[in-house]
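Notes follow the structure.
Since the model is a prediction, treat every value here as computed from it, not as a measurement. Numbering of ligands and ligand atoms starts at 1, following listing order. We're numbering straight along the sequence, starting at 1.
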Amino acid sequence: LNKILTKGEKSPLIVAIDVEPKIGLKNLLSEAKEFVSGIKIGLPYLLTHGMMYVKEMIKPFIDDYFFIADLKLADIGFVCKLLLEKTHLMGFDAVISHGFIGLQDALAEIKKKTDELGLFLFIVAAMSHRGAEDILNKNIMKILEISKILGIEGFVAPATMPNYIKVIRKELGDRVIIISPGVSTQGASVGDALKAGANFEIIGRKIILSENPLESLRKINELYKDVRKR
Ligand code: 3DU
């Protein structure tokens with residue numbers, strides 16, 4: 001938690017890596033330090049390159065960013081715990097789990113294991129795509145209820161539907177960290193989630209598929225400066 005908060009002073013930006021960035025991940029990590037606090041690595045990237053590759057990629061940059069494994073865990077505790085051990089082995093600082101799996105034999109075990117391993121746990125409270133409104137987002141209060149019981153301090157909530165960010169802030173206060181995807185490619189504007197109360201915005205394709213990601217990062221950070229001034 002402290003690492004995330006300290007790194008967050010630099011910028012409220014987390015970059016999502018699901019495919020290889022146009023300029024290559026290593027180059028991006030070398031050059032983006034001043035603009036980016038966190039790196040979220042998704043399953044497509046992990047499965048494409050493998051655990052050992054990702055481990056070697058993270059190692060030299062562990063002091064420059066906090067690294068989040070976006071596994072969106074949604075299984076029985078036993079299986080999740082195996083995945084958490086792998087996550088820890090790769091050197092990640094944090095992991096994302098779904099919240100809808102419920103407390104007993106699932107989230108409770110995940111929380112215990114992440115605490116043991118020193119991994120910070122983020123729970124998906126609501127999602128950013130339209131279909132999320134069918135089932136998941138209707139249950140946000142139940143997910144928050146369970147999270148309160150377990151003392152969960154990290155949440156993922158959509159920039160495209162900032163009301164859910166506000167709900168989390170209202171229910172859980174200032175001490176929790178909210179990270180928010182859905183910015184740019186999925187429709188939300190840079191700064192929308194921050195204005196609603198998120199600590200970080202997650203941006204993937206807009207940056208990693210850009211021919212000149214540093215230019216995009218510079219522009220995005222200028223916008224953040226304006227939001228933070230207000
Ligand atoms: O749309 P982008 O390319 O900026 O990527 C968004 C990232 O955030 C992507 O890795 C996806 O897995 C994650 N995410 C959502 O997009 C929406 C959610 O509700 C939760 C996570």
Side-chain angles (χ1 to χ4, degrees), residues 4 11-23 25 28-29 32 35-49 54 57-58 65-74 83 87 92 94-101 120-140 143-144 147 152 154-168 176-194 196-211 213 216-217 219-221 223-224:
I4 294 173
S11 152
L13 182 60
I14 295 170
V15 174
I17 310 290
D18 291 303
V19 294
E20 188 67 20
K22 275 244 166 91
I23 64 163
L25 182 55
L28 185 71
L29 294 178
F35 305 111
V36 177
S37 294
I39 301 291
K40 181 179 82 66
I41 299 183
L43 276 173
Y45 194 89
L46 268 170
L47 293 174
T48 303
H49 296 281
V54 170
M57 194 59 86
I58 290 177
Y65 307 96
F66 57 85
F67 285 88
I68 305 173
D70 190 355
L71 302 185
K72 294 208 180 65
L73 297 171
L83 292 167
T87 307
F92 281 98
V95 65
I96 298 176
S97 174
H98 264 299
F100 67 75
I101 51 178
F120 187 79
L121 177 61
F122 288 100
I123 296 293
V124 178
M127 290 187 76
S128 60
H129 61 294
R130 286 174 297 172
E133 291 287 273
D134 294 342
I135 301 169
L136 180 66
N137 295 357
K138 288 195 173 91
N139 290 289
I140 185 167
I143 292 174
L144 296 184
S147 303
I152 302 241
F155 293 90
V156 185
T160 49
M161 303 177 216
N163 260 357
Y164 294 116
I165 298 173
K166 291 181 186 162
V167 169
I168 300 172
V176 300
I177 296 188
I178 303 172
I179 62 177
S180 185
V183 180
S184 201
T185 311
Q186 294 183 50
S189 299
V190 172
D192 281 357
L194 294 187
N199 301 81
F200 294 93
E201 295 191 349
I202 301 169
I203 306 181
R205 286 165 286 179
K206 173 78 180 168
I207 293 165
I208 63 174
L209 299 183
S210 154
E211 300 283 354
S216 314
L217 288 171
K219 282 188 193 145
I220 291 166
N221 270 281
L223 295 170
Y224 284 142

Over 12 non-hydrogen atoms of neighbours within 6.0 angstrom of NZ in K219: no
Among all protein heavy atoms, pick out the one at the shortest distance from atom 12 (O) of ligand 1; state its residue, atom name and that distance to 0.1 Å. K72 NZ, 3.3 Å
Nearest protein heavy atom to atom 13 (C) of ligand 1, by residue and atom, and its distance? K40 NZ, 3.5 Å
Go through the steps to decide whether Q186 and S128 satisfy the test side chain to side chain donor-acceptor pair (under 3.5 Å), and finish with yes or no. CA-CA 8 Å; Q186 294 183 50; S128 60; 2.6 Å; yes
Carefully, step by step, assess F66 and F200 under the rule ring pair (Phe, Tyr, Trp, His ring centres under 6.0 Å). CA-CA 12 Å; F66 57 85; F200 294 93; 5.3 Å; yes
Run the numbers for me: atoms of ligand 1, each under 4.0 Å from some heavy atom of R205, listed by number. 1 (O), 2 (P), 3 (O), 4 (O)
Within 6.0 Å of CD1 in I135, more than 12 heavy atoms from elsewhere: no
For I203, take its heavy atoms, then give the atoms of ligand 1 lying under 4.0 Å from any of them. 4 (O)
Side-chain heavy-atom pair Y45, L25 within 4.5 angstrom cut-off: yes
Check against side-chain contact (heavy atoms from CB on, under 4.5 Å), I58 and Y65: CA-CA 9 Å; I58 290 177; Y65 307 96; over 6 Å; no
Hey, looking at atom 19 (O) of ligand 1, which of S128, G204, G42 has the closest heavy atom? S128
Option passing side-chain contact (heavy atoms from CB on, under 4.5 Å) with F155 (candidates I140, V176, L121): V176
Please state which part of V124 comes within less than 4.0 Å of ligand 1, counting heavy atoms only: side chain, backbone, both or neither. neither
Give the atom numbers and elements of ligand 1 that come within less than 4.0 Å of a heavy atom of D70. 12 (O)
Of all the atoms in ligand 1, which lie at a distance below 4.0 Å from a heavy atom belonging to D18? 9 (C), 10 (O)
Atom indices of ligand 1 within 4.0 angstrom of P181 heavy atoms, with elements: 8 (O), 14 (N), 15 (C), 16 (O), 17 (C), 18 (C), 20 (C), 21 (C)
Can you list the residues that meet the side-chain contact (heavy atoms from CB on, under 4.5 Å) rule with A198, with sequence neighbours excluded? I165, I178, S180, A193
Out of Q186, K206, H129, who gets a non-hydrogen atom closest to atom 16 (O) of ligand 1? Q186
The atoms of ligand 1 lying under 4.0 Å from a heavy atom of A16, numbered in the order shown, are 7 (C), 10 (O)
